[in-house]
Amino acid sequence: MFSPVKIILIVLVLVGVFFAHRFYRNTIAPSLDKARKNGEFKGQSSDKMLDLEECPRCGAFVADLNEHSCKDK
């Protein structure tokens, strides 16, 4: 049924998969996460961000209350 050669090959495949996964997690995955996180904020500066104000009538958060017109629901 199972010969010693088959058992050794299965163990070698499992060990190979384990080390390949370990290599991926230690070297490739951190650089991908870092690049993705840096890409989220690329081109944004703090002067372009603004605070939202809550409309007292409808409760919506808007950038400028003077230009906001509440829509009846």
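All figures in this text were calculated on a predicted structure; none of them were measured in a lab.
With rounding to the nearest 0.5 Å, the separation of CG in Asp64 from CD in Glu53 is 7.5 Å.
When Ile10, Leu12, Val11 are each tested for a side chain to side chain contact (heavy atoms under 4.5 Å, CB included) with Leu14, only one passes: Ile10.
Residues Cys58 and His68 share a closest heavy-atom pair of SG-NE2, 3.4 Å.
Not counting sequence neighbours, the partners of Arg22 by the side chain to side chain contact (heavy atoms under 4.5 Å, CB included) test are Phe18, Phe19, Asn26.
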